[in-house]
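Worksheet: one structure, shown below.
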Amino acid sequence: MGEVSTIGLDIAKSVFQVHGVDDAGAVVMRKRVGRSKVLEFFGSLSPCLVGIEACPSAHYWSRELQALGHTVKLMPPTYVKAYLKRSKNDANDAAAICEAVTRPSMRFVPIKTQEQQTGLMLHRTRQLLVRQRTMLSNAIRGHMAELGIISAKGRNGTAELLQIIADVADDRIPPVARFCLELLARQYLALNAEVSAVDKRIHAWHRSCQESRDPRHWSDCRHCVGCRDRRLGSIPLGAQSCRLDRFSTQAALDRRQRTARQHHQAGQSLFAMAPRHRRDGCHSIRATARHQAAVAHTFDGAPPAQSCCGRTCQQNRTHGLGDDGA
């Protein structure tokens with residue numbers, strides 16, 4: 001039996017499972033280790049390869065084990081599942097991790113630093129607060145609708161309802177209902193203040209982080225393997241921290257021009273693509289004289305007909321173009 005060279009570590013809340021093999025693949029150890037003795041156990045081993053399934057606490061243990069001289073690799077749990085041979089338990093999971101970490105085709109998750117995890121906490125905390133604020137807003141709207149009081153969509157409409165709730169002279173709200181609505185309104189306003197505080201902290205963190213302000217790193221936060229939320233999968237989070245500054249007017253114009261060139265090269269009319277643009281949330285394309293001339297020149301000089309509603313309907317069906325007025 002040789003010296004352990006590869007370890008599969010199945011982490012948990014209290015008891016960790018260790019599965020170790022030597023260079024020949026023979027099992028050297030199967031052991032359960034308490035949380036308080038994990039670092040002591042790995043400190044007594046010679047440096048080896050340690051595989052762990054990627055999860056929030058896995059990054060902490062990876063940093064600690066790397067400080068002891070071990071090589072740590074994180075893997076998405078869905079990729080490790082293929083190497084599970086029997087029923088799922090801690091021992092079998094550790095064996096599957098030990099097998100998966102040695103595969104040359106395995107894709108690994110980058111280990112986050114403490115600063116990177118702190119940035120993720122800011123964004124996830126804000127997401128939670130915004131979700132709770134939306135729940136309170138919906139509750140206030142629903143209760144007010146039961147009393148026959150409605151408002152416009154969005155936070156401006158909710159602000160109108162809060163003004164009605166605060167107006168004690170408004171006799172449309174019974175006393176008991178006003179007590180409940182005032183309680184919800186106070187929580188809504190408190191969450192508003194908390195979200196604003198988190199926003200300020202995110203902007204301050206973004207300005208202090210060089211990587212977050214570097215455009216070369218913006219795409220990294222959307223392609224991190226093994227993260228449930230790919231938008232927040234990896235720091236830097238420049239595109240998340242300062243989203244309003246990223247997509248400028250010039251960038252939006254370049255995107256529209258690139259899309260128009262693609263449609264022109266594919267022989268597709270801009271007017272035929274209008275229903276899809278409206279479905280995807282884009283602005284509709286108006287049939288101006290300049291667009292009509294461009295389409296007429298593209299499709300063999302056959303100018304499109306103008307419908308009574310002001311939209312363009314392509315009459316020549318030989319090009320496979322549908323009616324834009326549908």
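Values in this document were obtained by computation on a predicted structure and should not be read as measured data. All values below come from the heavy atoms of this structure, side chains included, with hydrogens, waters and symmetry mates left out.
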Margin query: Ignoring hydrogens and geometry beyond distance, is a side-chain donor-acceptor pair present between S5 and D23 at under 3.5 Å?
Written below: yes
Notebook entry, point to check: Going only through I, L, V, M, F, W and Y residues with side-chain contacts under 4.5 Å, is there a path from M135 to L184?
Noted result: no
Notebook entry, point to check: Does H70 use its side chain to pair, donor to acceptor, with the backbone of C48 at less than 3.5 Å?
Noted result: yes
Item checked: Closest contact, heavy atoms only, V18 versus A94 -> C-CB, 4.4 Å
Check: Under a 4.5 Å side-chain heavy-atom rule over Ile, Leu, Val, Met, Phe, Trp and Tyr, are V72 and L45 clustered together?
Finding: yes
Check: Side-chain contact, heavy-atom cut-off 4.5 Å: Q17 with N89?
Finding: no
Notebook entry, point to check: Cluster question for you: counting only ILVMFWY and a side-chain heavy-atom cut-off of under 4.5 Å, with indirect links fine, are L136 and L147 together?
Noted result: yes
Notebook entry, point to check: Around I150, counting heavy atoms of other residues, nucleotides and ligands shown, do more than 12 lie under 6.0 Å from its CD1?
Noted result: no
Notebook entry, point to check: Could you go step by step and tell me if E3 and S46 meet the side chain to side chain contact (heavy atoms under 4.5 Å, CB included) rule?
Noted result: CA-CA 9 Å; E3 185 179 6; S46 58; 2.5 Å; yes
Notebook entry, point to check: Is there a donor-acceptor pair closer than 3.5 Å between any side-chain N or O of R133 and the backbone N or O of A190?
Noted result: no
Note to self: Which residue is it: E160, Q163, R141? I am looking for the one with a side-chain hydrogen bond (donor to acceptor under 3.5 Å, both in side chains) to S151.
What the structure shows: R141
Checklist line | L162 versus A185, closest heavy-atom pair with distance | finding: CD2-CB, 3.5 Å
Item checked: Closest non-hydrogen atom pair, P47 against G69 -> CB-O, 3.3 Å
Notebook entry, point to check: Does the E99 side chain pair with the main chain of A96, one donor and one acceptor, at a distance under 3.5 Å?
Noted result: no
Check: Do Y188 and L128 share a hydrophobic cluster (ILVMFWY, side-chain heavy atoms under 4.5 Å, transitive)?
Finding: no
Margin query: According to side-chain hydrogen bond (donor to acceptor under 3.5 Å, both in side chains), who are the partners of R86, at least two apart in sequence or on a separate chain?
Written below: N92
Next item on the list: Would you give the length of the straight line joining atom CE of M29 to atom CG of D22, rounded to the nearest 0.5 angstrom?
Entry: 10.5 Å
Check: Which value, rounded to the nearest 0.5 Å, describes the distance between R201 atom CZ and R126 atom CZ?
Finding: 15.0 Å
Notebook entry, point to check: Which pair of non-hydrogen atoms, one from K73 and one from V101, has the smallest distance, and what is that distance?
Noted result: CB-CG2, 4.0 Å
Notebook entry, point to check: Of the non-hydrogen atoms in A58 and I52, which two are nearest, and what is the gap between them?
Noted result: CB-CG2, 3.9 Å
Notebook entry, point to check: Do T158 and S137 pass the side chain to side chain donor-acceptor pair (under 3.5 Å) test, and can you show the C-alpha distance, the side-chain angles, and the key distance before you say yes or no?
Noted result: CA-CA 7 Å; T158 304; S137 176; 3.0 Å; yes
Check: Which distance, rounded to the nearest 0.5 Å, do you find between the NE2 of H123 and the CD of Q127?
Finding: 8.5 Å
Note to self: I need the F42 CZ to F16 CZ distance, nearest 0.5 Å.
What the structure shows: 9.0 Å
Item checked: ILVMFWY network linking L9 to V15, side-chain heavy atoms under 4.5 angstrom -> no
Next item on the list: Give, for atom CG of L129 and atom CD of E194, the distance between the pair rounded to the nearest 0.5 Å.
Entry: 6.5 Å
Check: When rounded to the nearest 0.5 angstrom, what distance separates CG in L181 from CD1 in I164?
Finding: 10.5 Å
Item checked: Short side-chain to backbone donor-acceptor contact, Q117 and P56, under 3.5 Å -> yes
Next item on the list: Check step by step if side chain to side chain contact (heavy atoms under 4.5 Å, CB included) holds for F108 and L74.
Entry: CA-CA 6 Å; F108 299 101; L74 302 182; 6.0 Å; no
Check: Step by step, would you call M75 with E53 a side chain to side chain contact (heavy atoms under 4.5 Å, CB included)?
Finding: CA-CA 5 Å; M75 298 165 290; E53 286 184 335; 5.7 Å; no
Margin query: side chain to side chain contact (heavy atoms under 4.5 Å, CB included), that's the test. Do F41 and K31 meet it? Break it down for me.
Written below: CA-CA 10 Å; F41 170 77; K31 187 175 182 179; 3.9 Å; yes
Margin query: Donor-acceptor pair, distance only, cut-off 3.5 Å: does the side chain of H59 make one with the backbone of K112?
Written below: yes
Notebook entry, point to check: For the residue pair D170 and R178, what are the closest heavy atoms and their distance?
Noted result: O-NH2, 2.6 Å
Next item on the list: Could you pull out all residues at least two apart from D171 that satisfy side-chain hydrogen bond (donor to acceptor under 3.5 Å, both in side chains)?
Entry: none
